[in-house]
Amino acid sequence: MTDNPPASCPDWLRPLLAEVPRMTLPPFLSPPADARPAAVLILFGEGPHGPDVLLTQRAATLSAHAGQPAFPGGRIDPEDDGPVGAALREAWEEAGVEPSGVDVLATLPDLHLSHSGYRVTPVVGWWREPSDIAPGHPGEVAIVARIPLAELTDPANRLMVRHPSGIVTGPAFRVGGMLVWGFTAMLLTRILEAGGWDRPWDTGHVEDLPQDVLDLASRG
């Protein structure tokens, strides 16, 4: 799928696609055979502020993943055409992304979300014909935003976050009024590196996860 990207694919995305076949995972992220299948859509576009990627934030009222920034996505249903079909369906349901305007470019290696038991397939897409976006399920999605890559790579917006136990849990981003951390921040970090867009930043800048974020995360 990455060998012949569509002509509409911009040049700035091609280094990422060239890197996809070489992308590997640390052993702790390899999913077990009995993990439940899910998919997310990593949707790149070009907006008024240049290249961007679509992110959502889950509603704070959910019983699981409450308030967490994420890529559009969810479990793969039997009627879906595998990970690609599920990722496109979820992006339509959650954010109003019209599937016909998306060119699917690649799928990344499956990742294991140990706390939820899912095997997640990241699907990379190019937003050839952007549609209007808005939270599709107000009870499930609170925010839908196109985040410029320039904002993600700005060193001022990057930090490491620490759990109250003292463990540094990983990278994070302050973008679009959201604190992006956990699985989504880890995947974003790897993608920025693979695409050659990453900029040097202070990995020694560590902050505690805010209490409200911890309270929401404790729901599961």
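- In this structure, the side chains of Leu105 and Leu16 stay at 4.5 Å or more apart for every pair of heavy atoms.
- The minimum heavy-atom distance linking Ala39 with Ala86 is given by the pair CB-CB, 4.3 Å.
- Under a 4.0 Å N-O distance rule, the pair Glu19/Arg14 does not qualify as a salt bridge.
- Between Pro69 and Thr56, the closest side-chain pair of non-hydrogen atoms is not below 4.5 Å.
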Problem set entry | Step-by-step salt bridge (Lys or Arg N to Asp or Glu O under 4.0 Å) determination, Arg190 to Asp198 | CA-CA 9 Å; Arg190 182 67 187 95; Asp198 204 15; over 6 Å; no
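- In this structure, the side chains of Asn157 and Glu151 come closer than 4.5 Å at one or more pairs of heavy atoms.
- Counting heavy atoms from C-beta on, the side chains of Pro135 and Glu94 never come closer than 4.5 Å.
- Shown here for His112 and Pro31, the closest heavy-atom pair between the two residues is CB-CA, 3.5 Å.
- Side-chain contact between Phe71 and Leu187 is present, with heavy atoms from C-beta onward closer than 4.5 Å.
- With a 4.5 Å cut-off on side-chain heavy atoms, Pro72 and Val40 do not count as touching.
- Under the 4.5 Å side-chain criterion, counting only non-hydrogen atoms from C-beta, Thr107 is in contact with Val84.
- Trp197 and Thr153 make their closest contact through O-CG2, 3.2 Å (heavy atoms, listed as atom of the first residue, atom of the second, distance).
- Enclosure of atom CZ in Arg75 is not indicated, since only 12 or fewer non-hydrogen atoms of other residues, nucleotides or ligands lie within 6.0 angstrom.
- The one candidate from Leu17, Asp103, Val104 that meets the side chain to side chain contact (heavy atoms under 4.5 Å, CB included) condition with Trp126 is Asp103.
- Between Arg58 and Gly73 the shortest heavy-atom distance is NH2-O, 3.5 Å.
- Arg36 places no side-chain N or O within donor-acceptor distance of the main-chain N or O of Val120, the cut-off being under 3.5 Å.
- In the hydrophobic clustering of this structure, Met23 groups with Leu113; members are Ile, Leu, Val, Met, Phe, Trp, Tyr whose side-chain heavy atoms approach within less than 4.5 Å, directly or through other members.
- For the 3.5 Å distance criterion, the side chains of Trp12 and Glu46 qualify, holding a donor opposite an acceptor.
- Closest approach of Pro148 and Arg146 over heavy atoms only: CD-O, 3.5 Å.
- For His205, the NE2 atom sits in a packed shell: over 12 heavy atoms of surrounding residues, nucleotides or ligands are nearer than 6.0 Å.
- Residues Val102 and Leu88 are in side-chain contact: their nearest non-hydrogen atoms beyond the backbone lie under 4.5 Å apart.
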